[in-house]
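Heads up: the structure comes next, in C-alpha cells.
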Amino acid sequence: MAGLLFALTLLTLVVALVVFGWPLSTWMARTYTSDTDWRVERGVYRLLGVDARAEQRWPNYLRGILAISVLGVLFLYALQRLQPLLPFSLGLPAVPPGLAFNTAISFVTNTNWQSYSPEVTVGYTVQVAGLAAQNFLSAAIGIAVAIALVRGIAAKSTGTVGNVWVDLVRTITRVLLPLSLAAAVVLLATGVIQNLSGFPVVHTLTGGTATIPGGPVASQEAIKELGTNGGGFFNANSAHPFENPTGFSDLLEIVLLLLIPFALTRVFGLMVGDRRQGRAVLATMVLLFAIVLGAMAAFETAGGGTATTAAGGAMEGKEQRFGVLTSVLFATSTTLTSTGAVNSMHDSFTPLGGMVAIIDMMLGELAPGGVGSGLYGFLIVAILAVFLAGLMIGRTPSYLGKQVGGREITFVSLYILTTPAVVLIGLGLTFAIPAVAADVSSTSIANPGPHGFSEVLYAFTSAGNNNGSAFAGLSANTPWLNASLGAAMWLGRYLPIVFVLALAGSFANQEPRPTGAGMLATHRPQFVLLTAGTVLVVSALTYFPVLALGPLAEGLAS
Amino acid sequence: MSSVLTRGPVRTITVALRLLVLTVVATILYTAVVTVVGQLALPTQANGSFVTSGGRTVGSALIGQSFTDRKGNALPQWFQSRPSAAGAGYDGGASGGSNLGPDNPALLKAIEARKAAILKSDGPGAIPADAVTASGSGLDPHISEAYALRQVARVATARGIPAARVRALVERFVQAPDLGFLGQPTVNVLRLDIALAGMGKHGE
C-alpha cells in the first residue's frame, strides 16, 4: 500500500516536472538567445555601464564571475560582522569571524552549508540582504556558466561564449525572480510564514509557554529550492513546519529544486539545435536518479541499525507528515541536485540509507545536479565518455561536431579530478594532523564508531560538491572545520568553473565539423549507458575506500 | 596595452559591484512584495496559523508543543506529542533533530526508556515508531493515528470520560495526506487536545 501511494507521488512529481519544465525550457532557451532586452534590463545595463550586445571571450566571462563572487564574499562577511548595527537583527550579536568566513563562502558558492543555527545567529537583514541575495546570484552564476559552455559547443568558430552581465541579469529577471514570486505565494497558502515578528511567546494549553518563531520565510524558501541553494531559514531546514508544513508543500519544494536542472537538458538540446542530445542527457540523469532513489528507499524501509530496529522503523529525524518514503524522495532530490535542503535528518538515516545520500553527492552532482552546475558537470562526463569511446573504437573523439583533443581533454580531466581531490585531501588532513584529529574527534563528532567518521566524510563531500546538507550531528563551527570546509567549498566551486569556461572557449574557437557515419552517436541508448557507466565507475573507483571506512563498515556490522 | 591591463579588471570590478548592489536591492524588494501579499491575502498563514482555545491563543497549528508539567513530566489527561530534540523539548527558538545515528547506544537507550514509559502509562501493546523517535524539526505537530489511539485509554481514565467518546474524537481528527497520497496520515495533537479540553468543560 505504502509502495503504491509512493508510486503515485512519483507520478505526480514527473507530471509536474513535465508540465512546468517543458515551457520553462523553451522560455529559458529564448532567454539566452534573444536580442531584445526588457525595459527594466536596459535600465540595469545603463546603471552597470555595460554594452549588452558585446560578446565576450571566455577569460572576460570568467573575470566577471570571479569579480562578483569575491565581492559577494566580502559583502556577506561584512554584513555578518556588522549585524548589531543593522535593522531587524533581533538583538543578535556580530557573527564570529571564522563562522562569518565560512558562511560567506558557503552562500556565494551555492553550497549553503550551515555551521550555525540560524535562530540564534542571523537576523532578518543578514537573511534577506545577505543570504537570500546570494541565493539569487549564486544560482544565476551556475546557470550562466552552463549556458556559456552550451554556446561554446554550439558556436561556429566565433571564439565568444556570450556576455556574462546579460546572462546574470536575464537569469534573475526572467527566470529566478518570477518563478520565486509565484512559488512563494503558493508556499504561503500552504502555511509557510512571512512576517517580521521575531520570536513571540504564547501561553500553551497546559499553562506553560511556547516560542512560535517568525520571519520572512516563504520568500526565502522559494529561491532556496529553485536555485538549488538549500540554506534553511531555520535550523531544521525543510523539516521545520514553517518552512515545509504539508505533504503538498513538500512535493512543491521537490519540484522546485528539480525544475531548472532538468529543464536545462532541453535548453541544451534547443540551443545546440538537436533536441535528441538534450533527451539523451535527460535520460541518463533520470536513469541515475532512479537507481539511487530505489537503493535509498529499499535501505530506509528495510531498516538497519540497533536503535532503528528498537524503534520499529526509521522515524528518528523524520516528520510524521512525511514519513519514510517521502523523506527518502526529498533526500535523494536534495543530494543529487547540490541543494542540501533537508526535510529529515540524514544523520539518523539507516547506515546504508545514509550512505546512499553520500554516494549521491559523490556522483558529482550531475543527475540532475545544481542549477547550471548539473548540466556542465554532466557535459564534462559526457565528453569524457566520448573520449573513452573514441579510444576504444579508434576514432577521433568529437562531441556535437567539436573535436575533443588534447587541450579539451586536459580541461575535462582537471574538472573531474578537482572535487575528489578537494574532498579526500580535506578529509585526509583532518585525520592526519594529530591536533586536528583529536579536536574533531572530541568536540565535533557526535556519534561513536564508524558513524562519526561518516559525519566528517559527509561534511567534506558536501562542501567539495557544493551540496550543503550534512550529517548534522557534527559540530562544524570550529576553527579547523570552518576554514577547511570554507576552502573546500571555494575550490570545489570555482576551479571547475575555470575549467568549464576554458573548455567553452576552446570549443567556441572550433568550426563544427559535419557529423558523419564514422562518428559516435551521442543521442542513442548505448551512449546513455556509456555515460551513466562512466559516472558510476569514476565515482566508485575514487570513493570506495572512504565509504568502506565509514557507512559501509557500519552498515555491514549491523 | 598597459591601459587595457589596468582598466579591464577595474572596470569588471566596478560593474560587478553595481550588479551585486542591484541584486541586493531586488532581493529586498522581492521579500517586501511577498510580505505584503502574505499579510494582505493570506494573513492567517503568513503570521503562523495561530489557534485559539476559549478565546485565548494557545499556539500554532503547525508547531508542536509539550503537554507536560513544569518538571517536564507528561500530563496523562492530554494527548502527548512525539519526543523532541528542539532545546529542552518543543523549543520554537531551537529547532532541530537529535542527529543521533542509527547505531548510537545513547539513542537505543532513549528509545528503550520511552518504550518503557509508554508501557507503564498507556498499558501493554505494540508501540508505533513515531511515539519513541524525535522528529527532524523537534517541532512536529503530528503523531500517527496508531499513537493517538494508543493514548485513548489513559486520557479517558485521567479525565473520567468514556473511552469510546475519546476514541471517536481521535478518529475525527485523523487527517488524510494531501491528495490522499502526499506523505502520511496524521493527527494534529494541539487541535485534538483543544477539542478534548472543550469536551471536558461542556461534557458534550
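Chain naming here is simple, since letters A, B, ... match the order of the sequence lines and numbering starts at 1 in each.
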Tell me, with the steps shown, if B:Q184 and A:T326 meet side chain to side chain donor-acceptor pair (under 3.5 Å).
-> CA-CA 9 Å; B:Q184 297 195 127; A:T326 310; over 6 Å; no
Test side chain to side chain contact (heavy atoms under 4.5 Å, CB included) applied to B:R11 and A:V50, step by step | CA-CA 10 Å; B:R11 239 192 77 66; A:V50 297; 3.9 Å; yes
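Side chains of B:N99 and A:E455 form no contact here, defined as non-hydrogen atoms less than 4.5 Å apart. Using a 4.5 Å heavy-atom cutoff, the side chains of A:L48 and B:L22 are in contact. Put simply, the side chain of A:M315 does not reach to within 4.5 Å of the side chain of B:P128, judged on heavy atoms. Looking at B:H142 and A:P241, their side chains never come closer than 4.5 Å, going by heavy atoms from C-beta outward. With a 4.5 Å cut-off on side-chain heavy atoms, B:S98 and A:S348 count as touching.
Panel note: side chain B:Q65, backbone A:A210; no donor-acceptor pair is recorded below 3.5 Å. Here the side chain of B:S95 pairs a donor or acceptor atom with the backbone of A:A236 at under 3.5 angstrom.
B:L42 touches chain A through its side chain: at least one heavy atom from C-beta onward sits under 4.5 Å away, while N, CA, C and O do not. Using a 4.5 Å cut-off between heavy atoms, B:Y147 does not touch chain A at all. Only the side chain of B:K115 comes within contact range of chain A, with at least one heavy atom under 4.5 Å from a heavy atom of that chain. Heavy atoms closer than 4.5 Å to chain B are found in the side chain of A:H451, but not in its backbone. The parts of B:L139 that come within reach of chain A are both its backbone and its side chain, each placing non-hydrogen atoms under 4.5 angstrom from that chain. For A:L474, no part lies under 4.5 angstrom from a heavy atom of chain B. Both the backbone and the side chain of A:S180 come within contact range of chain B, judged by heavy atoms closer than 4.5 Å. For a residue to count as touching a neighbouring chain, one of its non-hydrogen atoms must lie under 4.5 Å from one of that chain's; by this rule A:S197 does not touch chain B. Only the side chain of A:I172 has a heavy atom closer than 4.5 Å to any heavy atom of chain B. Only the backbone of B:I143 comes within contact range of chain A, with heavy atoms under 4.5 Å apart. For chain A, the nearby part of B:V33 is the side chain; its heavy atoms alone come within less than 4.5 Å. Only the side chain of B:D178 comes within contact range of chain A, with at least one heavy atom under 4.5 Å from a heavy atom of that chain. With a threshold of 4.5 angstrom between heavy atoms, B:P43 does not approach chain A through any atom at all. With a 4.5 Å cut-off on non-hydrogen atoms, A:L8 touches chain B through its backbone and its side chain both. Looking at B:F67, both its backbone and its side chain come within 4.5 Å of chain A, counting heavy atoms on both sides. With a 4.5 angstrom heavy-atom cutoff, A:F322 touches chain B only via backbone atoms. For A:V185, the parts lying under 4.5 angstrom from a heavy atom of chain B are both the backbone and the side chain. Heavy atoms closer than 4.5 Å to chain A are found in both the backbone and the side chain of B:L62. At a 4.5 Å heavy-atom cutoff, the contact between A:V169 and chain B is made by side-chain atoms alone. Contacts of A:F248 with chain B are made by both backbone and side-chain atoms, with heavy-atom separations under 4.5 Å. Proximity to chain A is absent for every atom of B:T14, based on heavy atoms less than 4.5 angstrom apart. For B:T44, no part lies near chain A; criterion is any non-hydrogen pair under 4.5 Å. Contacts between B:L100 and chain A at a heavy-atom distance below 4.5 Å involve backbone atoms as well as side-chain atoms.
Under the 3.5 Å distance criterion, with hydrogens and angles disregarded, no donor-acceptor pair is assigned to the side chains of B:S135 and A:Q320. A donor-acceptor contact under 3.5 angstrom links the side chains of B:T35 and A:Q194, judged on distance only. Checked by atom type, the side-chain pair B:Q45/A:T190 shows no donor-acceptor distance below 3.5 Å.
Most heavy-atom pairs under 4.5 Å with chain B: of the set A:G354, A:G317, A:G473, A:A239, this distinction falls to A:G317. Listed options A:G208, A:G49, A:G312, A:P245 were ranked by heavy-atom pairs under 4.5 angstrom with chain B; first place goes to A:G49. Among A:A132, A:A140, A:P216, the residue making the largest number of heavy-atom pairs under 4.5 Å with chain B is A:A132. Your options are B:L20, B:D130, B:T186, and the one with the most heavy-atom pairs under 4.5 Å with chain A is B:L20. The candidate from B:A134, B:G96, B:G64 with the greatest count of non-hydrogen atom pairs under 4.5 Å with chain A is B:A134. Each of B:I111, B:V58, B:D91 has some count of heavy-atom pairs under 4.5 Å with chain A, and the biggest count is that of B:V58. Chosen from B:G93, B:A106, B:G38, the residue pairing most often with chain A at heavy-atom distances under 4.5 Å is B:G93. Ranked by non-hydrogen atom pairs under 4.5 Å with chain A, the options B:T31, B:T23, B:N47 are led by B:T31. Counting heavy-atom pairs under 4.5 Å between each of A:T308, A:T211, A:T204, A:N235 and chain B puts A:T204 at the top. Ranked by non-hydrogen atom pairs under 4.5 Å with chain B, the options A:W165, A:F75, A:F136 are led by A:W165. For the set B:V24, B:L179, B:V132, B:D69, the entry with the most heavy-atom pairs within less than 4.5 Å of chain A is B:V24. Comparing A:L188, A:L205, A:L251, A:L5 by heavy-atom pairs within less than 4.5 Å of chain B, the highest count is held by A:L205.
The two residues A:T206 and B:S66 come nearest to each other via the heavy atoms OG1-O, 4.0 Å. Minimum heavy-atom separation, A:M345 to B:G97: CG-CA, 4.0 Å. A pairwise comparison of heavy atoms in A:G304 and B:P102 identifies O-CB, 3.8 Å as the closest pair.
In this structure, the ring of A:F6 has its center no less than 6.0 angstrom from the ring center of B:F181.
Here the CG-CG distance, from A:N447 to B:N104, works out to 4.5 Å after rounding to the nearest 0.5 Å. Atom NZ of A:K318 sits about 13.5 Å away from atom OG of B:S137, to the nearest 0.5 Å. Separating the OG1 atom in B:T27 from the CD atom in A:Q134 is a distance of 8.5 Å, to the nearest 0.5 Å. With rounding to the nearest 0.5 angstrom, the CD1 atom of A:I68 is 12.0 Å from the CD1 atom of B:I13. For the atom pair OG1 of B:T57 and CD1 of A:I212, the computed distance is 10.0 Å after rounding to the nearest 0.5 Å. How far OG of A:S219 is from OH of B:Y30: 5.0 Å, rounded to the nearest 0.5 Å.
Residue-environment remark: CD (B:Q175) stays at or below the threshold of 12 foreign heavy atoms within 6.0 Å. In B:R56, the CZ atom is crowded: over 12 heavy atoms of neighbouring residues, nucleotides or ligands sit closer than 6.0 Å.
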